[in-house]
Amino acid sequence: MASFGLTLYSFVYIGLLFCGFCLAADPFANFELDFSYITASPLGVPQQVIAVNGKFPGPTLNVTTNYNVVVNVKNRLDESLLVTWPGIEMRRTSWQDGVLGTNCPIPAKWNWTYQFQVKDQIGSYYYAPSINFQRASGGFGGFIITNRKVISLPFNTPDGDIVITIGDWYTRSHKELRASLDAGKELGMPDGVLINGKGPFQYNSSVPDGIEHETLNVDPGKTYRIRVVNVGISTCLNFRIQSHTLVLAEAEGHYTSQQNYSSLDIHVGQSYSFLVTMDQNGTSDYYVVASARFVNQSEWNQVTGVAILHYSNSKSRASGPLPDPPNDANDNSFAVNQAMSIRMNNTASGARPNPQGSFRYGSINVTDVYVLKSVPPVMINGKKRATFNGISFVNPETPVRLADNYKVKGSYKLDFPNLPLDRPPTMDRSLINATYKAFVEIVLENNDTVVQSFHMDGYSFFVVGMAYGEWTENSRGSYNRWDAIARSTTQVFPGGWTAILVYLDNVGAWNLRAVNLDRWYLGQETYMRIVNPEDDDQKTEMPPPGNVLFCGALAHFQKPQRISSSDALRIEGLLKLKSKILVVFVVIIYMMI
């Protein structure tokens, strides 16, 4: 029987190759990601980190627009794992989103294969673990989607492409950090900032000996596309390169109006592309800096990452003080103005949100309004929890759409309030019962004491407004209704608000969350459940994948995993081309055998 399976797979594969000449299907990109523990010393202290394919950080995945992406994740950790792909919209298939409301976790020592298409997307993203606070120990890497060659870039083709991950870092493990949160404690100040998984260059005596730093090798006169992603835990970082101008070109998959910055604040979960020309005197190296923002700078001085920009003709090390961060301690308007200066390039080729068939999002009538209010963590039933609108989310034991498909009752509630309610905080499984193809306004009010990042899976939204103070209906007069940037992660300043507009045309269950890992872990999230009631033939949402994992009320359906299941998964991925010609061809081959 085993030889029969291999024979069938071989014939199917050959048949698919043959049919590929006549079907012109989008290509497949296949990856193997092996998550395991290794020992590393990024800040000079040996600690357990989560590596991907033996590397920390993990490898960057490179694909092209419209590719079908197949990622086989092997979980060699001692606990369950899920991998999420922030910013990848997973059109019609929230089954692949990799959060607890959409997927059962991958048990320890198991593997699971994600299969999705990066439909009409370009840009700079990342992948990371989504459960058990594991992102605090690593497991992350870049995810880059390049343009198809027939689509021109809105700038000259760069001479090189550099991916940089930045993030605050603790020398305590993710298990120790989550134990602190479980005990009702704060995490405290991070021990440092990593750039591509490495500690700071020894720019002064405060940096101990023996720490390996990152070096970016460049050639004088060339222009590089430098992609920067903040994969950290909870700290906004200001990114800058000594004596070099950052020309902003892209934010989370959307081309921006090209503006010059000496530095840019990159909040947790955000990503940008800069065009940087090596136009300086290359006889010495230059600092690349990522330093903590919106904190007491004198106390947080150690929370600074420093890498080196090395010209190929450089003859000496970087020296002297680091380039200064923004001097805005007494001016909270600077950060807001910088954020709102990031605008969409409406003349660039390539996909961008097109609500109701019109790029004029500012003239579309809003059908629903949601106000999500966050406050400092509170005690609920003796536990420290974080909330939206007074609700601290408890993940359902059975993922949302899986429960729907198998008609599991009571897995969740569709009663999340549109507005904050005057009632004691509670822990619940409340979802937003959203309307398919609604054009909604979401106002994020941050009454917490820390700057927060907010993320929405499955979509890019327009960031139309942002300010300090209380949001009122009159605040809509300040909205940018023409060229607001579309993205999937936005900042919300403490004591302020951010307003976004989004067109709900992607069916599924989509996570709305604080990206700050401590707040997310403590329950500051919910889901939008979006169902097309007229989708009888599953055109707007794919059925559960054949390799779906079962848990909760459906755990009895889960079969023990066998090593040979990988062949079946590969066949399934190939069969998802869904061509009638292809299906007939496979049936004929099967009958011949």
Side-chain angles (χ1 to χ4, degrees), residues 45 47-50 77-82 99-101 105 128-139 167-192 232-236 267-269 292 294-296 299-300 302-303 372-397 416 420-430 444-455 492-495 511-527:
V45 179
Q47 64 180 119
Q48 186 184 76
V49 303
I50 297 176
L77 308 181
D78 57 358
E79 57 187 4
S80 295
L81 169 74
L82 274 177
V99 287
L100 284 173
S130 68
I131 62 174
N132 292 327
F133 217 75
Q134 290 161 349
R135 195 178 84 213
S137 283
D168 55 354
W169 189 257
Y170 293 85
T171 55
R172 287 174 286 166
S173 71
H174 70 279
K175 295 179 182 179
E176 294 172 301
L177 292 172
R178 78 178 185 225
S180 293
L181 291 175
D182 289 340
K185 300 177 182 178
E186 298 287 341
L187 295 182
M189 183 174 65
D191 297 299
I233 299 167
S234 61
T235 305
C236 172
H267 295 259
V268 181
F294 312 110
V295 294
N296 187 316
E299 295 180 4
W300 283 59
Q302 73 182 48
V303 188
L372 300 186
K373 183 178 182 179
S374 59
V375 297
V378 296
M379 298 301 294
I380 306 176
N381 300 333
K383 296 181 179 180
K384 195 171 188 178
R385 301 288 296 182
T387 62
F388 276 138
N389 289 359
I391 298 176
S392 184
F393 190 73
V394 179
N395 278 288
E397 294 180 359
F416 192 91
L421 301 179
D422 185 15
R423 66 182 186 186
T426 184
M427 295 171 62
D428 215 335
R429 295 172 175 172
S430 298
L444 309 163
E445 291 187 337
N446 183 3
N447 283 29
D448 204 340
T449 57
V450 297
V451 61
Q452 292 190 344
S453 291
F454 172 88
H455 177 82
V492 193
F493 292 103
N511 190 224
L512 286 73
R513 62 178 177 267
V515 190
N516 304 51
L517 197 52
D518 52 343
R519 298 298 194 261
W520 185 12
Y521 180 79
L522 293 176
Q524 197 166 88
E525 63 174 323
T526 186
Y527 285 79

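Remember, predicted model here, so these are calculated numbers, not experimental data.
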Looking at side-chain heavy atoms only, is the closest gap between Gln47 and Trp169 below 4.5 Å?
yes

Where do Asn516 and Gln452 come nearest, in terms of heavy atoms and distance?
OD1-CA, 3.5 Å

Apply side chain to side chain donor-acceptor pair (under 3.5 Å) to Glu79 and His174, showing your working.
CA-CA 12 Å; Glu79 57 187 4; His174 70 279; 2.7 Å; yes

Which residues pass the salt bridge (charged side-chain N to carboxylate O under 4.0 Å, His left out) test with Asp518, not counting sequence neighbours?
none

Determine whether Arg385 and Arg519 make a side-chain contact, defined as any pair of heavy atoms from C-beta on separated by less than 4.5 Å.
no

pair His267-Val451: side-chain heavy atoms closer than 4.5 Å
yes

Is the closest side-chain heavy-atom distance between Pro190 and Thr235 below 4.5 Å?
yes

Please walk me through it: do Val515 and Trp520 pass side-chain contact (heavy atoms from CB on, under 4.5 Å)?
CA-CA 6 Å; Val515 190; Trp520 185 12; 5.8 Å; no

If I compare all heavy atoms of Asn511 with all of Glu525, which pair ends up nearest, and what's the gap?
ND2-OE1, 2.9 Å

Is Ile131 close to Leu100 at the side-chain level, that is, under 4.5 Å between some pair of heavy atoms?
yes

Phe393 pairs by side chain to side chain contact (heavy atoms under 4.5 Å, CB included) with which of Tyr527, Phe388, Phe416?
Tyr527

Kindly indicate whether the side chain of Asp448, heavy atoms from C-beta on, has any atom under 4.5 Å from the side chain of Phe493.
no

CG of Leu81 to CD of Gln134: how many Å apart, nearest 0.5 Å?
5.5 Å

Going by heavy atoms in the side chains, are Leu512 and Phe454 under 4.5 Å from each other?
yes

Give me the atom names and distance for the closest heavy-atom approach of Ser80 to Pro105.
CB-CB, 3.7 Å

Output a table of donor-acceptor pairs, distance under 3.5 Å, between side-chain atoms of residues 179-186 and any protein atom two or more places apart or on a different chain; print 'none' if there are none.
{"unit_1": "Ser180", "atom_1": "OG", "unit_2": "Glu176", "atom_2": "O", "d": "3.2"}
{"unit_1": "Asp182", "atom_1": "OD1", "unit_2": "Tyr521", "atom_2": "OH", "d": "2.8"}
{"unit_1": "Asp182", "atom_1": "OD2", "unit_2": "Tyr521", "atom_2": "OH", "d": "3.2"}
{"unit_1": "Glu186", "atom_1": "OE2", "unit_2": "Lys384", "atom_2": "NZ", "d": "2.9"}

Taken to the nearest 0.5 Å, the spacing of Ile233 CD1 from Ser137 OG works out to 8.0 Å

Atom CG of Leu187 and atom OG of Ser234: how far apart are they, to the nearest 0.5 Å?
6.5 Å

Are Thr426 and Ile391 side-chain neighbours, meaning at least one heavy-atom pair lies under 4.5 Å?
yes

Heavy-atom closest pair (Ser130 atom, Val99 atom, distance to 0.1 Å) is OG-CA, 3.9 Å

So which atom in Asn395 and which in Arg429 form the shortest heavy-atom distance, rounded to 0.1 Å?
O-NE, 3.8 Å

So which of Ser374, Pro376, Ser392, Pro377 actually passes side chain to side chain contact (heavy atoms under 4.5 Å, CB included) with Thr387?
Ser392

Sub-3.5 Å donor-acceptor pair from the side chain of Asn389 to the main-chain atoms of Lys373, do we have one?
yes

Can you tell me if CG on Asp78 sees more than 12 non-hydrogen neighbours from other groups inside 6.0 Å?
yes

Just jot down the salt bridge (charged side-chain N to carboxylate O under 4.0 Å, His left out) partners of Asp191, sequence neighbours excluded, or say none.
none

Shortest non-hydrogen contact between Arg135 and Val268, atoms and distance
NH2-CG1, 3.7 Å

